[in-house]
Enquirer: 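Structure provided below as structure tokens; questions to follow.
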Amino acid sequence: MSHMQEQGMPEQRFDYVLAGGGIASVSAARSLRHEEPGASIAILCGEPVLPYRRPPLTKGFLTGKVGAARVTIHPADFYENQNIVLLLHARAAALDRDAHLVQLEDGTAVGYGKLLIATGASPHVLDVPGAALAGVHGLHDIGDAAALRTDAAGKRRALVVGAGFVGVEAAAALRELGLEVTLIERGGQMLPQLHSPLLSAHFSQLCADHGIEVLTGFTVERFTGNDALAGAVLSDGRALECELAVVATGVEPNCGFLSGSGLELNDGVIVDECLQSSDPDIYAAGDVANFPDAVRGARRRVEHWDNAVRQGRVAARNMRGARMPYRDVSIFYGDVFDVPYNFIGDPSDAQEVVERGEFARPPYTLLFMKHNVLRAMFSIGAPADDAVAAEEMIRHRRNLAHCGAALEHADSRLGALPTQTVLILQGGGALGAFESGAIGALESHGVCPDIVSAVSIGAFNGAVVASHPGEAVAALNAFWCDLSIEGLASPRTCAHLRQTELAWHLALFGVPNFMRPRWWMGAPGIGSISPWWTSYYDTQPMLALLRRYVDFDALAASPTRLLLGAVDVASGERRIFDSYVDRLTPEHLLASGSLPPAMPWTTVEGRAYWDGGVVSNSPLDLVIERCGQVAGRVFVVDLFSGGRPLPSNLFEVMLRRDEIVYADRVRNDLRFEENANDFRDLVERVTAQLDAAAAARVRQSPEYIRLMGNHAPVQIHRISLDGAALDRSTFARDFDFSAESIASLQALGHAAALAVLDEGKARSSIGQTASDYEDEVCK
């Protein structure tokens with residue numbers, strides 16, 4: 001049976017149903033198919049045509065430069081090949097949440113396991129006399145655009161009502177078709193979404209230069225004509241002649257079919273930061289989703305193509321249980337008289353603007369600032385890396401007070417300004433003391449991470465750092481003091497005797513304040529030896545220690561973002577715990593450090609988790625997945641890298657096996673970046689073959705900006721534990737919590753970090769580039 005179907009069939013059921021035939025649904029379908037190959041997926045498309053791109057409708061499509069085939073997102077066989085059922089003419093009419101059914105307008109129904117509401121928005125209807133006359137058009141879907149283009153043929157004068165993004169582009173397109181055009185706006189300035197009198201003046205002049213009359217502060221009181229439009233009367237009584245009118249006064253979310261469903265609605269579908277509605281099986285994305293914008297600090301809907309693309313992907317992952325927050329800053333793009341522009345962020349509360357360059361002569365940027373923090377950026381021809389850098393600055397609310405002079409120079413590059421600092425902490429048991437020493441050295445030199453990504457013992461250290469930003473040393477030292485065991489043999493003792501003592505101590509007592517043996521009858525609640533054990537030790541003591549040294553209230557509000565890796569025991573999938581999303585608890589931290597078989601899994605929200613190091617012990621990939629591009633400084637505290645002599649006994653074989661299993665995996669991420677760079681080079685060479693105007697339009701698309709702008713240099717600083725400095729004869733090295741060993745590891749970490757910082761000073765820039773690092777680790 002074909003997966004392109006006309007509606008009118010009996011009820012069907014799917015694992016995932018995506019209501020709406022726009023880009024949010026298509027993006028979600030692609031992500032779902034990628035992550036869950038066997039799932040059944042259906043898109044309910046209310047229109048009779050394949051899902052298409054809406055931005056060209058007011059640009060090339062309206063002028064006839066772009067045909068219908070070129071605005072289609074994917075050809076028909078894409079859905080067939082991806083095993084995605086696309087139902088045309090399938091417009092949602094009602095929702096039955098109890099039965100998990102979407103009722104369609106033709107009376108049939110589609111059942112779902114999880115539902116994405118991505119039904120978009122519809123244009124406001126201008127409620128004035130004569131609005132139903134022939135010649136009065138809306139402009140929202142491909143049918144509207146096609147009808148307007150046909151009706152414009154042979155017409156002489158046009159009126160465009162509303163000088164927002166759509167209205168301005170429609171006016172420019174109609175002028176290009178040869179019509180005389182009047183553009184009116186009820187507010188005092190054009191493009192009111194930009195909150196900028198300066199940009200309004202620039203665009204007003206651009207329109208005037210191309211023969212468009214712009215009237216602000218007026219509304220249409222009525223349209224005139226008998227059977228067809230002949231004119232319009234404005235709010236001041238002025239009468240205008242026009243045979244064609246376009247109403248572009250905004251849109252309303254399409255959620256009428258949800259009335260009576262019990263789903264929480266208010267100017268769209270109310271969703272949380274993970275795009276989940278008040279029903280746990282229903283999500284929303286795109287124009288219809290009313291979400292909490294963490295960057296703006298308020299709820300809103302965003303009617304941008306780029307926003308719909310990205311929300312669709314995030315919603316898809318969260319429908320599968322990822323709990324990934326939507327914190328992106330969408331990129332809007334427009335094109336007026338071959339002046340392609342981008343707009344990023346929200347300027348509504350900006351207090352000052354910085355203009356760089358001359359309008360319409362690229363590169364031109366207008367920066368919207370508040371308290372030295374970038375809130376939004378308008379740009380014409382700005383490099384992609386500047387646009388991505390601006391997005392990162394807006395998202396992370398980076399203070400740019402020290403960059404004031406540079407910001408005012410038109411030739412300065414935002415992409416060259418200081419970016420985020422990332423700290424990667426591995427797992428390694430007692431070797432985490434080395435991390436503690438390294439953190440102390442970094443902190444003493446003013447290195448405070450924006451993001452800490454950690455697993456296992458690194459999760460414990462990272463939580464202390466993130467909950468005490470810039471002031472973690474005292475808490476870390478006390479934490480490791482409480483983990484230390486006094487009275488064990490010195491590292492200088494005979495290796496055989498020391499190994500024996502450590503083995504007996506671990507067997508009899510475990511590690512106080514961390515884990516206790518299950519066979520120790522004196523431990524409350526622990527029974528005798530049992531074949532049904534799933535671990536050798538009990539880790540409840542660590543929960544108490546974490547509560548003592550991690551300020552979980554401060555962690556929840558910390559500017560330092562903490563990412564923790566864990567593995568779901570039942571599904572085998574990795575889970576990311578994110579301090580920007582999850583209210584982290586001691587159990588979250590312990591889950592990241594529950595290494596089997598010594599330690600039991602830890603249960604969080606009804607799911608059992610093991611140590612994240614089982615999947616990746618150097619979790620740079622967590623940062624890439626949750627935070628996008630990695631640009632700036634990355635400090636990797638590496639506990640297991642480097643070459644070693646061949647093992648000479650079974651104990652050394654076990655040690656070397658663990659070193660290889662938990663070795664630094666950052667090189668894999670860098671090799672992926674290398675491949676991505678090759679792809680970027682290819683895209684740039686292809687773009688360079690286009691004519692200047694076409695190339696400019698390509699370069700201002702969000703897809704191009706996000707791909708090409710993620711080319712910022714990454715400085716990798718590896719703070720490595722020299723294995724030669726450790727006692728390799730000790731099989732329990734990772735559990736050598738003797739006070740002497742902990743103190744030695746802390747000193748080694750402090751010295752190693754200082755050496756990296758000093759090396760950076762000698763290079764005039766701290767650290768090494770990704771390519772330098774790759775050369776080093778591949779030797």
Side-chain angles (χ1 to χ4, degrees), residues 14-37 39-46 51 54 73-74 82 84-86 92 95 97 100 102 110 112-121 253-255 257-258 261 263-265 267-295 299-331 573 575-576 578 580-582 625-628 702 706:
F14 301 90
D15 297 323
Y16 300 100
V17 170
L18 316 175
I23 188 60
S25 287
V26 175
S27 295
R30 291 185 61 175
S31 293
L32 287 168
R33 177 55 68 230
H34 176 74
E35 298 198 11
E36 195 170 337
S40 56
I41 303 170
I43 297 177
L44 308 182
C45 183
R54 292 184 185 273
I73 299 173
H74 295 297
Q82 294 293 315
I84 296 169
V85 175
L86 177 62
L95 173 66
R97 291 167 51 206
H100 275 52
V102 177
V110 177
Y112 64 86
K114 298 284 186 180
L115 172 66
L116 176 66
I117 299 173
T119 46
N254 290 328
C255 50
F257 75 99
L258 300 171
S261 68
L263 209 62
E264 187 177 359
L265 307 173
D267 185 33
V269 178
I270 297 294
V271 295
D272 65 12
E273 62 185 350
C274 296
L275 305 181
Q276 186 180 59
S277 75
S278 55
D279 185 316
D281 290 333
I282 300 176
Y283 292 73
D287 295 5
V288 76
N290 186 320
F291 69 99
D293 186 345
V295 178
R299 281 194 165 274
R300 66 169 176 160
R301 292 185 306 105
V302 175
E303 297 158 5
H304 295 177
W305 176 266
D306 183 52
N307 174 75
V309 171
R310 301 176 76 76
Q311 282 194 345
R313 293 172 184 165
V314 171
R317 292 174 182 170
N318 291 337
M319 289 165 81
R320 299 192 64 251
R323 294 298 298 168
M324 185 175 181
Y326 183 75
R327 295 175 181 267
D328 290 357
V329 180
S330 57
I331 302 175
E573 295 186 358
R575 171 72 189 272
I576 301 174
D578 184 344
Y580 274 19
V581 181
D582 307 292
E625 179 171 334
R626 282 297 167 97
C627 307
R706 295 189 187 282

Enquirer: Is Asn318 reaching over with its side chain to a backbone N or O of Arg323, donor-acceptor style, under 3.5 angstrom?
Expert: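 Such a contact is found between Asn318 side chain and Arg323 backbone.
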Enquirer: What's the separation between atom CD1 in Ile73 and atom CZ in Arg54, rounded to the nearest 0.5 Å?
Expert: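 Reported value, rounded in 0.5 Å steps: 9.0 Å.
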Enquirer: To check you understand the geometry: which heavy-atom pair defines the closest contact between Thr119 and Asn254, and what is its length?
Expert: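 Taking every non-hydrogen atom into account, OG1-O, 2.7 Å.
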Enquirer: For Leu115 and Arg97: C-alpha separation, side-chain torsions, deciding distance, then whether side chain to side chain contact (heavy atoms under 4.5 Å, CB included) applies.
Expert: CA-CA 10 Å; Leu115 172 66; Arg97 291 167 51 206; over 6 Å; no
Enquirer: Is the shortest side-chain heavy-atom distance between Val309 and Pro702 below 4.5 Å?
Expert: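 When only atoms from C-beta onward are counted, Pro702 and Val309 do not touch, as no gap falls below 4.5 Å.
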Enquirer: Leu18 and Ile41: which non-hydrogen atoms are nearest, and at how many Å?
Expert: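 Minimum heavy-atom separation between Leu18 and Ile41: CD1-CG2, 4.1 Å.
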Enquirer: Hey, is Arg575 close enough to Asp582 for a salt bridge, meaning N to O under 4.0 Å?
Expert: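 Counted as a salt bridge, because a side-chain N and a carboxylate O are separated by less than 4.0 Å.
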Enquirer: Calculate, to the nearest 0.5 Å, the distance between atoms CZ and NE2 belonging to Arg310 and His304 respectively.
Expert: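 If I round to the nearest 0.5 Å, the distance is 13.5 Å.
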Enquirer: Give me the atom names and distance for the closest heavy-atom approach of Ala28 to Leu116.
Expert: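 It is CB-CD2, 3.6 Å.
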Enquirer: Measuring from atom CG of Asp279 to atom CG of Leu95, what distance do you get when rounded to the nearest 0.5 angstrom?
Expert: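 Between Asp279 CG and Leu95 CG, I get 7.5 Å after rounding to 0.5 Å.
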Enquirer: Check this for me, if you would: do Asp15 and Arg320 make a salt bridge, where the nitrogen-to-carboxylate-oxygen distance has to be below 4.0 angstrom?
Expert: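 Salt bridge: no.
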Enquirer: Test your reading of the model: is there a side-chain donor-acceptor pair from Arg33 to the backbone of Ala39, 3.5 Å cut-off?
Expert: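 Checked: pair present.
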Enquirer: Under 4.5 Å between any side-chain heavy atoms of Arg299 and Ile270, yes or no?
Expert: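 They are in side-chain contact.
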Enquirer: Is Arg30 atom CZ crowded by more than 12 heavy atoms from other residues, nucleotides or ligands, each under 6.0 Å away?
Expert: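 Not buried by this count: 12 neighbours or fewer within 6.0 Å.
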Enquirer: In Å and rounded to the nearest 0.5 Å, what is the CZ to OH distance from Arg317 to Tyr326?
Expert: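 If we round to the nearest 0.5 Å, Arg317:CZ and Tyr326:OH are 12.5 Å apart.
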Enquirer: With respect to Pro253, which candidate in Val269, Asp287, Asp267 satisfies the side chain to side chain contact (heavy atoms under 4.5 Å, CB included) definition?
Expert: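 One option only clears the test, and that one is Asp267.
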Enquirer: Does the Ser278 side chain pair with the main chain of Glu264, one donor and one acceptor, at a distance under 3.5 Å?
Expert: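 Looks like yes, one N/O pair under 3.5 Å.
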Enquirer: Hey, mind stepping through Ile117 and Phe257 against side chain to side chain contact (heavy atoms under 4.5 Å, CB included) and telling me if it holds?
Expert: CA-CA 11 Å; Ile117 299 173; Phe257 75 99; 4.2 Å; yes
Enquirer: Can you measure from CD1 (Ile84) to CG (Leu32) and round to the nearest 0.5 angstrom?
Expert: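 CG of Leu32 is found 8.5 Å from CD1 of Ile84.
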Enquirer: Could you walk me through whether Lys114 and Asp281 pass the side chain to side chain contact (heavy atoms under 4.5 Å, CB included) check?
Expert: CA-CA 5 Å; Lys114 298 284 186 180; Asp281 290 333; 2.9 Å; yes
Enquirer: Which atom names give the shortest non-hydrogen contact between Pro280 and Tyr283, and what distance separates them?
Expert: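 Heavy-atom minimum between the residues: O-CE1, 3.7 Å.
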Enquirer: Would a distance-only check, ignoring hydrogens and angles, find a side-chain to backbone donor-acceptor pair under 3.5 Å from Arg301 to Asn290?
Expert: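 It does not hold such a pair.
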Enquirer: Given 3.5 Å as the limit, does a donor-acceptor pair link the side chain of Asn307 with the main chain of Val302, or not?
Expert: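 Checked: pair present.
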Enquirer: If I take atom CD1 from residue Ile23 and atom NE2 from residue His74, how far apart are they, to the nearest 0.5 angstrom?
Expert: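 Reported value, rounded in 0.5 Å steps: 6.5 Å.
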Enquirer: What is the minimum heavy-atom distance between Leu86 and Pro51, and which atoms define it?
Expert: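 The pair with the smallest heavy-atom distance is CD2-CD, 3.8 Å.
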Enquirer: Can you see which heavy atom on Ile43 is nearest to which on Ala29, and at what distance?
Expert: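 Shortest heavy-atom contact: CD1-CB, 4.0 Å.
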